[in-house]
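Everything below concerns the one structure shown next.
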Amino acid sequence: MSTHLYAFGSVCRGEIDKSSDIDLLACLSEPNPGIEPCRFSIYSHERIRDLWSEGNPFAWHLHLESKLIYSSDGNDFISNLGQPTIYSKLIDDCEKFRSLFSESLGSLTTTSNSTTFDISCMFLATRNFATCYSLGLGVPIFSRYSPLMLDSQLPISKKEFDIYVRARILSTRGYGDPLSNNDVNSVKKSAYAIVEWMNELADTYLSSELRHE
Amino acid sequence: MSEFNNRISAQRDILYVVNSGQWVEELFGLSSGAIERWVGANKLGKSTDLVILINEAAGKLFFLSNKSQEQVTEEYKHLSADVAALTKKISQELECFVRRQNL
């Protein structure tokens with residue numbers, strides 16, 4: 001049995017703050033019950049190879065931003081896979097994340113409970129949309145601030161975006177100050193600018209694709 | 001709807017049910033950190049039936065999440081049905097919990 005452990009994500013970009021944790025990946029040739037699924041994202045070697053041949057964004061993330069921390073056989077499994085297949089699912093993925101954003105915004109505006117979770121999902125949709133878009137353009141950005149780092153930048157301030165980030169950290173780690181009513185109202189105001197931004201980027205990409213055909 | 005969005009929707013359904021209760025602080029998500037925080041903020045025992053059911057549902061969704069890239073399999077369908085059944089159980093258990101609190 002071979003085991004390869006990696007760190008990936010913010011720690012590999014040097015993006016460290018109080019809310020950062022260390023993302024860990026275990027690549028295994030066969031199941032290992034000793035590896036704690038709460039601490040590691042666990043993938044079989046076979047599944048990782050599939051992600052590589054699909055050109056999946058996660059494969060690109062690992063290819064560009066992972067560091068080997070342990071190898072049971074002296075090999076660097078991920079490095080040896082080389083570059084993943086070119087990413088080709090941008091249109092489908094953008095649609096998926098636009099839909100997630102709309103559903104979460106709908107929930108936020110029509111129900112009075114689970115607002116932090118809804119805003120956390122809006123963050124996830126926005127960040128993943130921006131990351132997939134950047135990957136589709138060939139300049140991948142995996143940072144949690146990817147929407148603010150694109151050339152076609154998200155038209156809201158970092159201060160406003162940080163409320164979405166806080167919701168995500170509360171939801172995934174249970175860490176941080178709860179959101180206030182002012183925070184939630186700020187999100188309700190900025191959300192429509194995010195919807196328009198997503199629509200514009202998707203339209204721009206589709207138009208450029210049509211021109212190339 | 002995509003499998004990814006379905007999983008989030010299943011998580012939201014559970015949170016709606018749990019957060020319909022009167023809590024000092026609502027449950028922010030089904031991660032272990034969020035559940036731990038909610039249990040502490042609301043002074044619940046880790047071994048209360050409600051907390052056990054929420055952890056069970058979170059475990060199943062976490063498993064589905066780890067399988068996020070997989071195609072829909074019989075295993076996935078089975079687990080999705082399990083999560084729906086657990087959501088119902090959580091709703092029933094919450095009613096019992098509230099009744100006990102009001103005694």
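Just so it is clear: chains get the letters A, B, ... in the order the sequence lines come, proteins before strands, and each one is counted from 1.
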Between [X] and chain B, with a heavy-atom cut-off of 4.5 Å, which part of the residue counts as in contact: side chain, backbone, both or neither?
X: Phe97(A); value: side chain
X: Asn128(A); value: side chain
X: Ile119(A); value: neither

Quiz: residues 23-33 of chain A side-chain donor-acceptor pairs under 3.5 angstrom, not counting sequence neighbours:
unit_1   : atom_1 : unit_2   : atom_2 : d
Ser29(A) : OG     : Ser2(A)  : N      : 2.8
Ser29(A) : OG     : Ser2(A)  : O      : 3.4
Asn32(A) : OD1    : Gly34(A) : N      : 2.9

Within a reach of under 6.0 Å around [atom1] of [X], are more than 12 heavy atoms found that belong to other residues, nucleotides or ligands?
X: Arg39(A); atom1: CZ; result: no
X: Lys188(A); atom1: NZ; result: yes
X: Glu15(A); atom1: CD; result: yes
X: Asp203(A); atom1: CG; result: yes

Candidate list Ile14(B), Asn19(B), Ile8(B), test side chain to side chain contact (heavy atoms under 4.5 Å, CB included), partner Phe117(A), passing option: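 Among Ile14(B), Asn19(B), Ile8(B), the one meeting side chain to side chain contact (heavy atoms under 4.5 Å, CB included) with Phe117(A) is Ile8(B).
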Using a cut-off of under 4.5 Å for heavy-atom pairs, which of Cys121(A), Ser120(A), Ser107(A) has the most such pairs with chain B?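 With the most close heavy-atom pairs to chain B, the winner is Ser107(A).
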Listing, residues 26-36 of chain B side-chain donor-acceptor contacts under 3.5 Å, not counting sequence neighbours, or none:
unit_1   : atom_1 : unit_2    : atom_2 : d
Glu26(B) : OE1    : Ser114(A) : N      : 3.0
Glu26(B) : OE2    : Ser114(A) : N      : 3.4
Glu26(B) : OE2    : Thr115(A) : N      : 3.4
Ser31(B) : OG     : Ser171(A) : O      : 2.8
Ser31(B) : OG     : Thr172(A) : O      : 3.0
Ser31(B) : OG     : Ala34(B)  : N      : 3.1

Got a second to check how far Leu170(A)'s CG is from Glu25(B)'s CD, nearest 0.5 Å?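 It comes to 7.5 Å.
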If we ignore hydrogens and angles and just use 3.5 Å, is the side chain of Arg37(B) paired with the main-chain N or O of Gly176(A) as donor and acceptor?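 Indeed, once roles are kept as given, a pair shorter than 3.5 Å links the two residues.
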